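The block underneath contains the structure these notes are about, expressed in structure tokens.
No experiment lies behind these values; they were computed from the predicted model shown. Lettering of chains follows the sequences in order, A, B, ..., and the numbering in each one begins at 1.
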Amino acid sequence: MADLLDVGFIQAVFGDGEAPEGASPVLQILSVKKINSASSASSGVVDRYRAILSDGEYFGQAMLAVNLNPLIDSKEIDKFSIIKLRSYTTNAVQGRRLLILLEFDILESVYNEKIGEAVNIEHAVANGTVSRAPAGNANAAPKAEPKGRAGGAGPGPARGGARQGGGKDVGPLFPIESLSPYQNKWTIKARVSAKSEIKHWSNQRGDGKLFNVTFMDESGEIRATGFNEQCDNFYDLLEEGKVYFVSRARINIAKKQFNNVNNEYEIAFERETAIEPCDDASVPQIKYNFKRVDELADLNKDDMCDIIGVVREVHDLSSVTSKATQKPFAKRDIQIVDQSGQAVRLTLWGKQAESFAHDDSPVIAFKGVKVGDFGGRSLSMFSSATMSVNPDINEAHALRGWYDSAGRNTQFNAYTSTMAGRSDNSAPRLNELKTIGEAKDENLGMRDKTDYFTTAAVVAFIKSENFSYPACANPDGCNKKVIEDGNGTYVCDKCDKHWPEPIHRYILSMNCMDHTSSFWITAFNEVAEKLLGISANDLWKLKEGGDEQQFQSYFTKAAGRSYTFEMMAKQDSYNEQVRVRYTCRKAGIPDFVAESAYLSQQIALFNI
DNA sequence: CCCCCCCC
């Protein structure tokens, strides 16, 4: 039985041998496992698989190029499958030999037993049964050329109008997957799947400019950066969608926290870097892994995903100021819909927001957008995200046909319409609310960022002390606190103006409760005025007038009422104690009729 | 050498 497999291959690759040129050994897969690197779990990038491969005598670890993932997802290969390797590459990382599978034929998709009694090649190397060649030799070019390279730009002099090279020492062609800092003679042939704007930076360490591109080939993807001079050299040359030979650049360890491209490493262009255009169409086009709009509900906040849909709404360009950097950012929201009947908001930033000018309901494919939880689910573009307007792909054609015939007149279910940020006349569903207990259990507001949630609660008690502050009377809405200057006027630091009288505004502190818990929340002017039914300034005057009973009546009258509160929870330190500050952004009167109808519907469904 | 991906 063991003669089914090509004994000797694993030892040759992982141990002391050299696999024969163009070897296409038959091997058995002993296991396939998804690699859950910390980064991929949260960033939602393409999965990466590792397989244990046996030749009947030894087994060793292999990585699968990501374009083979569908074979695993569809179970075409699984434990005990038998494959005939067509192309692969090897790589040494930190003293360990790594085999990367690029292409293979499936001889037996389903096979029900392990062939032979293969032992771990790493153990054999460790205990000296098998000797290992110096690691340097392992940094070899692919042992077998991946097929499908029209023009055949393999190692050595290029054929078929490929690489010029110009006598430069550029090294053999490598799959992106096999690049590592431990080798320096390599060339990749890759398509630019994304290209950033030029970014200028300035910090304590200096200033400069840079741009990023993402390269992809049949094996994987890698991010590359050109700083300063290299930014000048290569920015115009590299175009999104085109294919290039890239060589003589530095490979660095990628800082995954800043990089959503699925590679442990990244490329830094250097002075010596050679980049040449290539017209090889066989290098794969951008691959999408689309989620339907309604499937976004299944993803986590901060996941990355690809989405395709019809742009149903384009909102005006606006500007927001980043809390972190105080810098303004251009922003534009659009709404995306698809056949699921679900709509989602997608936010464009910067140049992409400014230059977006498609008001004719185009189909757009987005790659690498970030999932947010604002209003249930929302999407936001990264600078590394790409969008392709009316792409010539099946999904786009299907969407076009659907939208033009039926979709255009569909009532869409919007994530945003039923939750925080919705229009005033629609109430949130009960299942979209958080109880106060849940908000606390989930530690909302305990992270660096502000959390938003909606809760249904009863006002238990409103503090009548310190219910307001004297605010700047500037009619432009400064609203900043003013201080009495001793001459009978009130001074605003921000406006640098003196006012004979301030205008009082609310900072109302109230205790709210539901069936799970209670919390203290702060309501500012608009919300508080709605709850108390009087402006802060009038209430202040009432208090100054000395009618304590009437003054108090506003507070007691407002207690005991139910509201749907749109809340924000944010970390705050007060007297060196870290706590969560809950602020009410909006208070709505619950639609009890709609809630009852919804509940009876749920009960009916439950009883089926 | 950047590394922010923002706002409600």
With a 4.0 Å cut-off on heavy atoms, is A:Thr225 in touch with a base, just the backbone sugar-phosphate, or nothing at all?
base
Report which part of the nucleic acid A:Arg223 touches: base, sugar-phosphate, or nothing (heavy-atom distance under 4.0 Å, all strands).
base
So among A:Asp232, A:Asp236, A:Leu238, which one has a side-chain contact (heavy atoms from CB on, under 4.5 Å) with A:Phe234?
A:Leu238
Close side-chain approach of A:Met387 and A:Leu348, heavy atoms under 4.5 Å
yes
Is A:Ser318 touching bases, backbone alone, or none of the nucleic acid, heavy atoms closer than 4.0 Å?
nothing
Just the endpoints, please: which first and last nucleotides of DNA chain B, 5' to 3', lie under 4.0 Å from a heavy atom of chain A?
B:dC1 to B:dC8
Please verify the inter-ring angle class for A:Tyr288 with A:Phe290; under 30° counts as parallel, over 60° as perpendicular, anything in between as tilted.
parallel
Angle between ring planes, A:Trp201 versus A:Phe227, binned at 30° and 60°: parallel, tilted or perpendicular?
perpendicular
Between A:Arg585 and A:Met567, which heavy-atom pair has the shortest distance, and what is it?
NE-O, 4.3 Å
Indicate every side-chain donor-acceptor pair of residues 518-533 of chain A with a distance under 3.5 Å to a residue at least two apart or in another chain.
{"from": "A:Asn525", "atom 1": "OD1", "to": "A:Tyr506", "atom 2": "N", "distance (Å)": "2.8"}
{"from": "A:Lys530", "atom 1": "NZ", "to": "A:Ala587", "atom 2": "O", "distance (Å)": "2.8"}

Mind checking if A:Asp207 touches a base, just sugar-phosphate, or nothing, with heavy atoms under 4.0 Å?
nothing
Using a heavy-atom cut-off of under 4.0 Å over every strand shown, decide if A:Glu229 touches base, sugar-phosphate, or nothing.
nothing
